[in-house]
K.L.:
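Pasting a structure here, questions to come.
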Amino acid sequence: MYMKKDSPKTSLVAYDHVSIEKKWQNQWASSKIYKTTDDTTKEKFYVLDMFPYPSGEGLHVGHPKGYIATDIISRMKRMQGKNVLHPMGFDAFGLPAENYAIKTQTHPEVAVKTNVARYKKQLEILGFDYDWSREVNTTDPNYYRWTQWIFLQLYKKGLAFESYEPINWCPVDKTGLANEDIENGRCERCGTLVEKKPMRQWVLKITDYAERLLADLDVTAADGTPVLDWPTSIKELQRNWIGRSEGAEITFKIEGSGLAHTEIKVFTTRPDTLFGVTYVVLSPEHALVTELLSHIRNTEEVNAYISEIKNKSDIERTDATKEKTGVELKGITAINPVNNENVSVWIADYVLADYGTGAVMAVPAHDARDFQFAQKYNLKIQPVISHEGSLPVITHGTLINSGKFDGTSSEEARKDMTSFAGGTWVTKYKLRDWVFSRQRYWGEPIPVIHCGKCGVVPVPESDLPVRLPNVTSYEPTGTGESPLAAISEWVNVPCPTCQGPAKRETNTMPQWAGSSWYYLRYEDPHNTNALVDSAKEKYWSPVDLYVGGAEHATRHLIYARFWHKFLFDIGVVSTNEPFTKLQHVGLIMGEDGRKMSKRFGNVVNPDDIVGTYGADTLRVYEMFMGPFDQQIAWNTSSIIGARRFIEKIWRMRQTLIVEDGATVPDSVHKVIHKTVQKVSEDIEHLHFNTAISSLMIAANELEKIGSLSKTQFEILLKLLAPFAPHVTEELFASLGNTQSIHTAPWPIPDPQFLTSDAVTIIIQVNGKVRGSFSAPPGTSKEELERSARQAPDISKWIENGKIAKVIVVPNRLVNIVMT
RNA sequence: GCCGGAGUGGCGAAAUUGGUUUACGCGCACGACUCAAAAUCGUGUAGAGGAAACUCUGUGUGGGUUCGAGUCCCACCUCCGGCACCA
């Protein structure tokens, strides 16, 4: 533990982070220096953090890492003269807040208020430059009014609809879940195995946007640079999640006693292997199965199999490593359209109901899964691609046993084979429509009314928001109904259309709803007439830099892009994509290398670190730990380095400063301006660790040189100001400045000090370093070679051989190659 | 299985994008100051050999391209993240 002690030797004023940080935080708040105006004459810069949901646990030291980064960027941009929007808010609807409320027996509204206050306090002591007058909270009726409004627009365009398909259900959280809320077949929140449950759901048709969500990841500007400056890994995750694949839909006629005009449509990416089909498989949930049951010989056996499958969890069923099971539908056959062969029809657990057509053609010779299944049930394996070695062969090749297609390339035959089979070429996606209703209390009410006469009637926009009623019991019912259903005075309303008796929709929206558009509300947070004023939207959008966790790649970031594109289509926003540049934060792990969690007892509270070392030290340390996007373990004993660095700056103020006008060596200018250049570039590229490193190098060199003018010291302070805003403000003020350092202009490097009068030239012999010498920059190749040959250390390496050639790289090195 | 990313001192890491590997920081050792300690300052800190000057080896492993490779190419190993019976 670091202890602050006074030095007996000097009379320096001690660096007291506690009083300095408190003083300037109060000062900034009262002078409102971070308040953002809509001054459109200035160039804007919109930098955004992923807003937190205020859980009961409070922040740990990992949470602020991203916020520190955006704070640094926003401070530099402000000093560079930009009009900066750097807002903060709270994502307070949803399961975490609600479960916390249930656990502590407090109403969610009360719990959220308490937790938000606590979070704000924790953020405030870190010295962030948020404009709190623009704070948004997704649970504020003035906010969720517009979340509901967006839902109504989606409904109007047919993109929100009721569905009765079985959906994922978490038996512990007692609510339906979207595909994105599931990890490895388990509820992303509580880890429980999800079940399939048929129930009425509101679903958003995100699949209508699948193609655009995918294609727009790759859009490039005229000069070839990507429009979305996102990490490739996140783009790749989204591509995989959307999961586009092209293939053919092929129809197989079904024959059997009493059957007429019955068909099975299958989806395949390999229509070229159609001659190798030896059976077809339906998923157990396929709609056709019920119809076929009465036409087969083994109805009982098939029924038994289906109920066996139904009792299995989704994860058991779809585990790719387990042995596949299935049962033949005896007494019926399918006709292969390319050769009119009769093949058997099966249902099997390895065919998914909700992808493609829910049915596949099986080509065991050229598909690993079909091969496995065929071996187990002794089904025919018919190769149609020439091969050496064992089956299955899943690569493309030359077709055999394929009638008139023999000898052609399987890859090229795909489309011809499709039309030969009477099929159609189609595109499919893995992306599923977004299950949008939750059977829980703490969410935005879905603004529709169910009328016996008129059906589904949207709540008129003028009646928004539909407020969450205040209830005493908000625990989930588990019946598939929201707790809201029990509040009859809220539920029963006149139908807006016919004034007859009607009931409100009692499902609520998922947590992701409010966060899918919040960045727009910061642009115009208090507007009561519109989601966002269009002039303000045009000025501020899109977000220039968005920083947050990579875990949101396939959830929040897909949903937000979907809503943004929809809002673009209906003219609410002016850009096609919401976030120009995306940067993800690497997690800070616990000191033991595990994720920071109460469970492991490895949580470090930022309040403690700020108390002991100060917010400036914490900020510098977190940015100095390593590359920003990399996951790194916390190490309390390393913080002292950041603290020592700040103290060194503090000491420099009191020992090095000479009066402006006194002579200061040129070397000081060189150090300062080199650092200005490096730090400016590094912050721009989010290379905070190397920016701090170069500030440390500068401080070390300047201390060695021993004198520094006030102006030069101020430049150094400005470079450090985004990282350590309090101590730099204090020192800046102590030099007689009355303006805040944070609104002072950012330094610009002076080119005359960026060139050096000597460069070190490395001498290599056969690629090995054997010496070096100093030369003026721009020295000619000939001159460099001459100096290298004459260098004293070199003669012993070259005197006993013949020089084959000499490579000279100006300003860098001379390599003498011996034979 | 598929898709991304990463392997450099005791530790976190840096490397002008093909040109002195280990900057900066932590830790450690020794020294200065001190009655002593803390703090601070200074010196050292990849491995092997050598009294030393110095030499050799060294960026996960094995090959390759090049005057020159941590960086580029091929094959492999390990770790992390994501997806996973998507036909």
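Atom set for the values below is all heavy atoms of this structure, side chains included, hydrogens, waters and symmetry mates excluded. The chains referred to below are lettered A, B, ... by the order of the sequence lines, with proteins before strands, and numbering in each begins at 1. As the structure is a computational prediction, the values presented were derived from the model and not from experiment.
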K.L.:
Give Pro231(A) one of three labels, base, sugar-phosphate or nothing, depending on what nucleic acid heavy atoms sit under 4.0 Å from its own.
P.N.:
nothing
K.L.:
For Leu813(A), which contact category applies under a 4.0 Å heavy-atom criterion: base, sugar-phosphate, or nothing?
P.N.:
base
K.L.:
Could you check whether Val360(A) gets within reach of a base, just the sugar-phosphate, or nothing at all, counting any heavy atom under 4.0 Å?
P.N.:
base
K.L.:
Could you tell me whether Ser245(A) contacts a base, only the sugar-phosphate backbone, or nothing, with contacts defined as non-hydrogen atoms closer than 4.0 Å?
P.N.:
sugar-phosphate
K.L.:
Any N or O donor-acceptor pair linking the side chain of Arg770(A) to the base of rU20(B) at under 3.5 Å?
P.N.:
no
K.L.:
OP1, OP2 of rA13(B) versus side-chain N and O of Gln630(A): anything below 4.0 Å?
P.N.:
yes
K.L.:
How far does the P atom of rC24(B) sit from the matching atom of rA14(B), given to the nearest Å?
P.N.:
14 Å
K.L.:
Tyr355(A) side chain N/O closer than 4.0 Å to the phosphate oxygens (OP1, OP2) of rA87(B)?
P.N.:
yes
K.L.:
Describe the nucleic acid contact of Asn700(A) in one word from base, sugar-phosphate, nothing, applying a heavy-atom distance below 4.0 Å.
P.N.:
sugar-phosphate
K.L.:
What I want to check is whether the side chains of Tyr350(A) and Gln372(A) have a donor and an acceptor closer together than 3.5 Å.
P.N.:
no
K.L.:
Quick one: on RNA chain B, does Thr760(A) or Lys678(A) contact a more 5' nucleotide (nearest heavy atom)?
P.N.:
Lys678(A)
K.L.:
Strictly below 4.0 Å: does Lys768(A) bring a side-chain N or O up to OP1 or OP2 of rU57(B)?
P.N.:
yes
K.L.:
Side-chain N or O of Asn811(A) versus OP1/OP2 of rU16(B): is the shortest distance under 4.0 Å?
P.N.:
no
K.L.:
Test for a donor-acceptor pair under 3.5 Å between the base of rC67(B) and the side chain of Lys805(A), counting only N and O atoms.
P.N.:
no
K.L.:
Of the nucleotides rC41(B), rG12(B), rG19(B), which has the atom closest to the Gln764(A) side chain?
P.N.:
rG19(B)
K.L.:
Is there a donor in the side chain of Tyr613(A) and an acceptor in the side chain of Thr636(A), or the other way round, less than 3.5 Å apart?
P.N.:
no
K.L.:
State, without any angle test, whether Trp512(A) and Asp181(A) hold a side-chain donor-acceptor pair at a distance under 3.5 Å.
P.N.:
yes
K.L.:
Is it the case that Thr273(A) and His366(A) place a side-chain donor and acceptor less than 3.5 Å from each other?
P.N.:
no
K.L.:
For Tyr305(A) and Thr325(A), test the side chains for any donor-to-acceptor distance below 3.5 angstrom and give the result as yes or no.
P.N.:
yes
K.L.:
Taking any heavy-atom pair under 4.0 Å as a contact, classify Val281(A): base, sugar-phosphate, or nothing.
P.N.:
nothing
K.L.:
Below 4.0 angstrom from OP1 or OP2 of rC11(B), is there any side-chain N or O of Asn635(A)?
P.N.:
no
K.L.:
When we call it a touch if two heavy atoms are under 4.0 Å apart, what does Thr690(A) touch: a base, just sugar-phosphate, or nothing?
P.N.:
sugar-phosphate
K.L.:
Give Arg244(A) one of three labels, base, sugar-phosphate or nothing, depending on what nucleic acid heavy atoms sit under 4.0 Å from its own.
P.N.:
nothing
K.L.:
If you check every side-chain atom of Ile697(A), which of rC85(B), rG19(B), rA23(B) has the closest atom?
P.N.:
rA23(B)
K.L.:
Could you tell me how far rU21(B) sits from rA69(B) if I compare only their C1' atoms? Round to whole Å.
P.N.:
12 Å
K.L.:
Distance check, C1' atoms only: rU8(B) and rC79(B), in whole angstrom units.
P.N.:
15 Å
K.L.:
Looking only at N and O atoms, is any donor in the side chain of Asn815(A) or the base of rC67(B) less than 3.5 Å from an acceptor on the other one?
P.N.:
yes
K.L.:
Indicate whether the side chain of Trp241(A) and that of Glu180(A) have a donor and an acceptor atom separated by less than 3.5 Å.
P.N.:
yes
K.L.:
How do Leu237(A) and Gly767(A) order along RNA chain B: which one's closest nucleotide is nearer the 5' end?
P.N.:
Gly767(A)
K.L.:
What is the glycosidic conformation of rU17(B): syn, defined as within 90° of 0, or anti?
P.N.:
syn
K.L.:
OP1 or OP2 of rC80(B) sitting under 4.0 Å from any side-chain N/O of Arg594(A)?
P.N.:
no
K.L.:
Anti or syn, where syn is a glycosidic angle within 90° of 0; which label fits rG9(B)?
P.N.:
syn
K.L.:
Ignoring the backbone of Thr232(A), work out which of rG19(B), rG5(B), rC83(B) is nearest its side chain.
P.N.:
rG5(B)
K.L.:
Mind checking if Trp797(A) touches a base, just sugar-phosphate, or nothing, with heavy atoms under 4.0 Å?
P.N.:
sugar-phosphate
K.L.:
Taking atom types as they are modelled, is there a donor-acceptor pair under 3.5 Å from the base of rG81(B) to the side chain of Gln631(A)?
P.N.:
no
K.L.:
Quick check on the 6.0 Å ring-centre criterion: do Tyr279(A) and Phe373(A) meet it?
P.N.:
yes
